[in-house]
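Note sheet for the following structure.
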Amino acid sequence: MKSRFALTLLSLWAVLTLNFLLPRWLPGDPLAALLDPDSSSYVYNAEVRGALEAYYGLDRPLGEQYAGYLTGALSGDLGRSIRLNQPVTDLLREHLPWTLLLTLSALIAASLLGVIAGSEAAWRRRSPVDRALVVVSVVASNAPVFFTGMILLILFGVELRWLPLAGGRTPFARYDNTLAQVRDYGAHLLLPALTLTLALVGSKFLLVRNSVIGVLGEDFMLVARAKGLPPRRLKRNHALRNAIVPFVHHLAAHAAFAITGALFIETLFQYPGMGRLIFESVVARDYPVIQGVFLVVSVLVLGANLLADWLTARLDPRTQEN
Amino acid sequence: MTAPLLAVENLRVTFALPDDPHTAIRAVDGVSFDLAAGQSLAIVGETGSGKTTLARALLGLHPAGAVAGNIRLDGRELTALDEQGWRPIRWRRIALAVQNAGTAFDPVQRAGDQIAEPLREHLGLSGSDAWARALDLAGEMGLGERHLRSYPHQLSGGEKQRLMLAMALSCAPDILIVDEPTSGQDMLTRAKMLALLDRVRQDTGISLLLISHDLAAVARLADRVAVLYAGKLAEVGPARDVLQRPRHPYTWGLLNAYPNMSTARDLRGVRGGLPDPAHPPAGCRFHPRCTQAVDECRRVDPPLQPVRDRLVACHLGGLQTLLRVDRIAKTFSLNGNGFRVEAVRDASLDVLEGEVVAVIGETGSGKTTLGRLVAGMLDPESGAIAFREQDVSDLSGAALKSVRRQVQLIPQDPFDTVSPRLTVAEIVREPLDVQRIGAPADRVAAVREALAAVGLPDGDSFLTRRPHELSGGQLQRVVIARALVLEPKLIVADEPVSMLDASEQAKLINLLKDIQNERGMGLLLISHDVALVRKVADRIVVMRDGAIVESGPASRVVTRPQHAYTRALLGAAPSFDWFEDPGPASGA
Amino acid sequence: MQITLPQAARAVRRPHAPAAIRRLAASLGGEGVIGLALLGAFAIVGIAAPLLAPYDPADFSGAPLERPSAGHRLGTNDVGQDILSELIVGARISLAVAIGAAGGAVLLGLLVGGVAGYAGGWLDTALMRLVDVMMALPQLPLLILVTALLGAGLGQMALVFAALFWPGMARVIRAQVLSLRRRGYVAQARSFGAGPVYILRRHILPAIGPLIVFGLVTAAGRAVVFEAGLAFLGLGDPTAKSWGLMMRYALNLPGLLLTDRWLWWLLPPGLCITLLILALNLLGIGLENHLDPRLKRP
Ligand code: SF4
């Protein structure tokens with residue numbers, strides 16, 4: 001656990017440093033181009049240009065730039081958006097909750113579904129239901145999210161008109177009570193979250209299924225059966241309890257994948273999260289925002305890693321030694 | 001007689017191969033046995049014989065439909081039960097201690113919780129009562145609270161093993177199935193485990209079903225033994241008798257392969273290997289490995305039948321008695337003046353299939369005469385010699401000739417028994433020529449095969465050599481080859497190696513053992529050399545002045561001789577006693 | 001050299017084609033065979049694209065937004081280019097990026113993993129820390145940042161992918177090298193006087209070969225996903241009309257989803273991407289089973 005923490009810190013430093021170095025070192029001088037009146041990406045707004053110059057400080061020595069960048073980043077200064085002329089931090093603060101809402105709801109739904117279906121399929125392995133679930137999972141987890149999303153969008157939004165097509169809430173809506181607000185948010189969340197759940201659930205299902213199958217072959221499962229325990233106890237207390245360890249261990253990887261998927265889905269559904277932000281910023285070559293998103297997503301992923309490791313250690317007594 | 005606690009009848013367990021659902025494997029095929037309350041029965045067999053499958057069947061752990069036949073517990077039929085019906089039987093009535101205690105515990109739960117689990121399930125104890133009971137059980141195994149609070153990976157192998165026993169005994173079951181309690185352990189752990197099981201058995205009066213290939217464990221714990229081969233029982237009987245006097249050829253082979261401290265004999269495995277479970281051989285499943293298989297064995301599956309004190313599945317009733325010598329006597333008159341020497345007096349002995357019986361004694365003890373009597377070179381004055389249960393004196397003509405052919409003598413002095421003018425080929429072929437067996441070309445082939453079997457070159461240049469061109473060891477091998485061409489069932493070897501140096505002796509004795517292991521036959525080894533004999537003999541017969549003064553299993557005769565003369569012989573045998581003898585150099 | 005010739009001859013003579021195929025099929029399993037077949041189909045389309053495509057996808061061969069017809073089986077896009085031709089030529093782009101990225105990643109991984117495993121000591125520690133950090137970083141945001149800054153052409157994209165994908169490979173290779181070094185048979189071969197070339201050919205390559213193939217397939221799969229994703233976000237090479245870019249352009253058309261146009265414009269590239277990823281992942285599953293019998297699913 002301690003080494004894991006050290007690794008997280010090291011990775012965090014790497015993320016920060018990459019974020020600093022990449023724009024400066026990559027060929028083509030993208031930052032300089034922003035300030036070069038002859039380049040196509042020249043920033044015409046003088047006020048914004050001034051802020052950029054101050055933030056990147058390209059005329060100062062590299063060490064000084066780095067120190068300034070680090071202190072800025074750690075105190076929450078991530079520069080200003082070129083496109084919107086707003087502090088990047090404000091933009092992130094505005095978009096992050098939407099992404100978290102989408103990612104977490106999909107992660108939870110996919111985990112529940114994956115664990116339940118995976119363990120049931122393992123108990124019934126080789127049955128038609130199991131085989132069908134395996135095939136569906138392999139296909140579903142391989143389709144790119146923007147593609148599944150599109151299909152769902154067409155199906156439920158366009159053809160059936162059950163759910164709103166885009167956005168995180170109804171524009172300019174006034175809510176009479178919290179329930180109405182929750183319903184509106186929920187209706188907008190449903191399709192993106194369903195898409196993401198579909199993308200996540202396959203691999204979770206397969207992972208749980210295979211670990212449960214592995215556990216079922218263990219001696220202690222035989223002993224547990226020989227003890228005359230009811231099936232419920234066998235499944236929950238022994239099989240699932242053991243199989244959940246690798247599942248939680250992989251949760252971090254799933255979290256990274258979920259956030260990545262969320263970025264695409266938000267673009268597709270025009271959901272007001274960070275994906276949407278990044279999409280619009282890419283079009284406008286709004287580097288400070290892209291950098292900020294990279295930073296925030298990295299921190300989220302690193303945090304998820306740490307959390308998953310901590311949980312694994314809590315669940316598996318074998319990793320607590322020493 | 002009251003009904004047994006557990007009665008298993010014609011139990012069959014059939015699996016489909018995982019990769020090939022159309023091939024069915026019958027892992028257990030028609031096994032029947034009883035287990036009385038308080039009794040302990042060992043099921044022994046090689047890995048893959050179906051032991052573990054059998055054990056799991058007794059707990060209903062196989063998939064539905066895999067098990068057929070009857071399992072009755074207190075007269076109640078269990079095979080028809082479904083998973084739900086099995087549950088109150090499991091652990092409450094029949095508990096299982098698996099082979100590897102290291103994997104018997106769920107790694108993510110505390111050991112104590114796992115012991116308490118069945119208590120809560122079956123006895124309805126509350127959490128704290130179950131824990132208290134688990135603590136008692138652990139205490140009986142010499143473990144305490146700390147161990148119960150540990151996760152499995154924090155416990156040592158020995159601790160896990162004891163806790164596994166505690167877990168198995170938690171609901172005070174009637175029957176404890178112990179699967180390979182000692183496999184993969186060092187000798188000390190093994191001894192401790194056996195002592196523990198023994199104590200449990202005595203303290204609780206539980207019925208024990210011991211699944212093992214460890215014969216020492218069986219000897220220690222079991223009242224009765226059932227030998228399982230390729231899913232079928234080969235032999236069932238009282239543990240002591242089966243282990244001391246196995247009847248089924250497979251049991252005999254198992255015992256020969258088992259290392260133990262009470263014999264100095266070398267190990268031999270059972271030739272060949274277990275059959276492919278998907279395609280077991282027709283007839284007796286052991287026949288491809290059996291050295292005494294007859295035609296019937298290849299066709300008909302032998303049922304498990306009572307043979308004297310036990311049950312044996314063999315058409316021949318188990319190991320054949322190749323030779324039975326019953327109170328024979330022979331006297332010689334010296335110098336024709338009427339002075340008679342009683343060379344052999346009232347001697348009786350048996351030789352079983354695959355067995356090496358050594359006759360030891362000084363020169364003049366009558367052992368050579370005994371050998372010649374057995375080989376048919378002399379006729380006894382009284383008593384009877386039976387070969388394969390047929391009295392030789394009743395035989396004549398072709399039948400007698402056939403017996404003569406099946407008993408061959410390897411003489412002490414090879415030079416004496418070969419004509420110096422014949423070539424190797426002619427020497428070895430002689431018996432075939434005499435008995436007119438096979439066409440000439442077949443005879444040459446048989447000669448080559450026999451020479452190869454004794455480790456001699458079978459090329460033409462060797463075939464045309466003459467005795468004086470050979471070394472003593474080579475010549476003795478030629479003589480052995482000559483005995484082998486007739487495919488004898490009993491070889492009488494009279495001091496077969498006494499003319500050779502120590503290294504040649506060792507090679508030849510090993511050769512004889514190998515040939516015996518491969519072809520199966522009885523070996524009557526006549527020797528004065530106790531040190532040599534104890535390496536190969538299964539039984540030893542001690543002769544003095546024409547009479548047998550002692551006989552018994554080689555290990556017993558060598559370690560605990562009964563007769564003073566035997567002790568004297570053993571004392572005179574060579575040994576390297578440097579460590580005990582201070583000697584002149586160190587005494588100075 | 002006298003040794004290799006007869007060996008090579010034997011190798012050529014040995015496999016009777018059907019038997020060899022059967023053996024390959026058996027070792028890959030159902031998933032692997034399906035994956036291989038699908039991948040083969042894509043490869044053929046990619047290689048023969050200029051012959052198969054009815055039009056040059058850059059030509060304005062029809063009127064804008066034509067519906068499917070005999071002339072344009074999947075209709076045309078908003079500027080009148082033949083969609084079917086775009087689709088066929090698009091296979092080349094996906095495959096080219098995949099091959100470049102996978103090759104680069106595996107080479108880098110071999111190099112780093114081999115050096116770390118062989119050198120050991122501080123170099124090993126440092127390289128493995130680097131691998132840990134690289135694997136902890138979120139890849140897509142990093143890719144977005146890099147491609148946004150770099151303005152990616154296809155070659156650059158493949159390079160960037162390779163630079164991101166190598167750590168997994170390096171870790172596996174290092175583990176295998178370490179276990180090989182510990183294994184008795186390499187030391188044994190050395191004690192027979194075998195030289196490094198012999199050991200490499202006889203012991204190391206056979207052990208590492210399957211890992212390389214597996215690494216290539218998985219890296220290729222991820223390259224396809226990311227290329228499509230970046231193109232979809234508008235970060236792809238605008239001159240190379242990949243499937244992701246086709247979808248992106250299609251979605252740019254206002255109200256596309258409200259007509260049935262998406263059926264022939266959006267669906268085909270989406271399906272193609274899905275199938276190609278599926279093919280690579282299925283092949284990966286098959287190879288994984290082949291790699292380590294312990295991983296075989298019961
Ligand atoms: S003699 Fe026949 S029946 Fe008896 S064990 Fe040998 S092969 Fe089986």
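No experiment lies behind these values; they were computed from the predicted model shown. Below, chains carry the letters A, B, ... as their sequence lines are ordered, and counting in each starts from 1.
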Structural part of [X] lying under 4.5 Å from a heavy atom of chain A:
X: B:M164; answer: neither
X: B:A104; answer: both
X: B:R56; answer: side chain

Sequence-distant partners of A:S111, side chain to side chain contact (heavy atoms under 4.5 Å, CB included), two or more places apart: A:K204, A:F247, A:L251
Exercise: identify the closest heavy-atom pair between B:L96 and A:A226: CD2-CB, 4.3 Å
Minimum heavy-atom distance between A:P317 and B:P107, given as atom pair plus value: CG-O, 3.3 Å
Partner chain A: residue of B:I94, B:T103, B:V108 with the largest heavy-atom pair count (under 4.5 Å): B:V108
Residue among B:L59, B:L61, B:V98 with most heavy-atom pairs under 4.5 Å to chain A: B:L61
Residue-level contacts of residues 235-242 of chain A with chain B, using a heavy-atom cutoff under 4.5 Å: A:N237, A:H238, A:R241, A:N242
Close contacts, residues 216-225 of chain A versus chain B, judged by heavy atoms under 4.5 Å: A:D219, A:F220, A:L222, A:V223, A:R225
Residues in residues 79-91 of chain B near chain A [non-hydrogen atoms, under 4.5 Å]: B:E83, B:R87, B:R90, B:W91
Gap between atom CD of B:Q114 and atom CG of A:L229 - 0.5 Å precision: 10.0 Å
Over 12 non-hydrogen atoms of neighbours within 6.0 angstrom of NE2 in B:H122: yes
Electrostatic pair B:E121:A:K227 at N-O distance under 4.0 angstrom: no
